[in-house]
Amino acid sequence: MKMRAKRSLLACAGLLAAGAAGAEDFKLPPEVTPSLRAACETDVRRLCIGQNPTVAKVKRCVMVNYFQLGRKCQVELASLGFGR
């Protein structure tokens, strides 16, 4: 997996782990663009946020469940290099 794709997954994971921890407690990484957040947050929360979410757990979940993510999220991740 290329570096850009890894950062995209890490950003997505950071986005959701942050949401679970509370936005005031966690600063989102710069890779979490408003469009990535808008496209993926609902899907990743639905599929990947359980008890004690960590960036690593959410990242793995996004990779495993990529085809269960909504089309907008898939397209956004692909535009950031995921899957190349």
Side-chain angles (χ1 to χ4, degrees):
M1 191 180 294
K2 292 185 179 182
M3 183 61 73
R4 190 172 179 186
K6 287 181 182 178
R7 282 187 302 192
S8 299
L9 283 175
L10 208 69
C12 199
L15 161 77
L16 296 154
E24 66 279 353
D25 299 338
F26 189 90
K27 183 174 168 93
L28 295 174
E31 296 85 17
V32 179
T33 63
S35 60
L36 177 64
R37 185 174 187 163
C40 296
E41 186 170 18
T42 301
D43 292 327
V44 178
R45 282 183 184 274
R46 175 178 51 87
L47 293 168
C48 300
I49 298 297
Q51 287 194 331
N52 303 318
T54 65
V55 171
K57 286 179 185 177
V58 175
K59 177 181 173 185
R60 183 176 186 289
C61 178
V62 168
M63 290 179 359
V64 168
N65 294 299
Y66 177 79
F67 292 105
Q68 293 180 7
L69 296 170
R71 184 74 179 138
K72 287 181 182 181
C73 185
Q74 290 177 355
V75 168
E76 188 64 28
L77 287 170
S79 76
L80 294 171
F82 178 74
R84 291 184 192 164

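Nearest heavy-atom pair, Q68 versus Q74, reported as atom, atom and distance to 0.1 Å: N-NE2, 4.3 Å. Taking every heavy atom of both residues into account, T33 and E76 meet most closely at OG1-OE2, 4.0 Å. Between C73 and A39, the shortest heavy-atom contact is CB-O, 3.3 Å.
Taken from OG in S35 to NZ in K72, the straight-line distance is 11.5 Å, to the nearest 0.5 Å. Separating the SG atom in C48 from the CG atom in N65 is a distance of 5.5 Å, to the nearest 0.5 Å. Atoms CE and CG, from M63 and L69 in turn, are 12.0 Å apart once rounded to the nearest 0.5 Å.
Between the side chain of K57 and the backbone N or O of N52 there is at least one donor-acceptor pair closer than 3.5 Å.
F67 and V75 fall into different hydrophobic clusters, defined by Ile, Leu, Val, Met, Phe, Trp and Tyr side-chain heavy atoms under 4.5 Å apart, directly or through other members.
Heavy atoms from other residues, nucleotides or ligands lying under 6.0 Å from CZ of R46 number more than 12.
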